Amino acid sequence: VARHLVKKLDHKSPIVKQKSLRVIKHLCLKGGRSFRRIMNRKHYSKPVRELVHYRGSPDPLRGDSLNQKVRDAARETAEALADQSPQRETNTVRAPNRGRIEGFG
């Protein structure tokens with residue numbers, strides 16, 4: 001999964017980059033420890049850190065806003081990767097979400 005998401009970061013579309021960064025951040029915060037450990041390896045975390053300074057071609061309609069969203073998402077994802085706080089157990093049943101699907105975004 002990590003390899004596929006990092007591969008999507010090389011896509012030319014800023015929308016694809018932003019979506020991949022959002023998924024990586026979500027998995028780092030709510031996924032297993034193994035995903036965060038894999039993403040912290042140099043060849044997986046380097047593309048995320050490089051996107052903090054992303055400059056793409058401006059969109060004719062939206063201008064630089066899509067590129068700014070990629071930079072913001074990359075910054076949030078890099079913070080999630082660097083966060084060393086203990087994660088809660090994902091296998092435990094939480095009282096407020098019992099039986100519900102939890103989304104992100």
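What you see is a predicted model; the values in this text were computed from it and never measured.
- Between the side chain of Asn40 and the backbone N or O of Arg36, at least one donor-acceptor pair lies under 3.5 Å.
- Note that NZ of Lys42 and CZ of Arg49 are 7.0 Å apart. Values are rounded to the nearest 0.5 Å.
- With hydrogens and angles ignored, the 3.5 Å screen pairs no side-chain donor or acceptor of Ser20 with any backbone N or O of Leu9.
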Return a table of donor-acceptor pairs under 3.5 angstrom between the side chains of residues 50-64 and protein atoms on other chains or two or more places apart.
residue, atom, partner, partner atom, Å
Asp59, OD2, Leu61, N, 3.2
Asp59, OD2, Arg62, N, 2.9
Asp64, OD1, Asn67, ND2, 2.9
Asp64, OD2, Arg71, NH2, 3.0

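- To the nearest 0.5 Å, the span separating CD on Glu76 from SG on Cys28 amounts to 12.5 Å.
- Here the straight-line distance linking atom CG of Leu27 with atom CE of Met39 works out to 9.0 Å at 0.5 Å rounding.
- The two residues Asp10 and Lys17 have their closest heavy-atom pair at C-NZ, 4.0 Å.
- Grouping Ile, Leu, Val, Met, Phe, Trp and Tyr residues whose side-chain heavy atoms lie under 4.5 Å apart, directly or via other members, places Ile15 in a hydrophobic cluster with Leu66.
- Residues Gly103 and His26 approach most closely at O-CE1, 4.4 Å, considering heavy atoms.
- To the nearest 0.5 Å, atoms OG1 (Thr77) and CD1 (Ile24) are separated by 6.5 Å.
- Residues Ala78 and Val48 come closest through the heavy atom pair N-CG1, 4.1 Å.
- The environment of NE2 in His43 is crowded: more than 12 heavy-atom neighbours from other residues, nucleotides or ligands sit within 6.0 Å.
- Cluster membership check: Val1 shares its hydrophobic cluster with Val6, using side-chain heavy-atom separations under 4.5 Å among Ile, Leu, Val, Met, Phe, Trp and Tyr.
- Under the 4.0 Å criterion applied to side-chain N and carboxylate O atoms, Asp72 and Lys69 are not assigned as salt-bridge partners.
- Note that the CD atom of Gln18 and the CD atom of Gln68 stand 11.0 Å from one another [nearest 0.5 Å].
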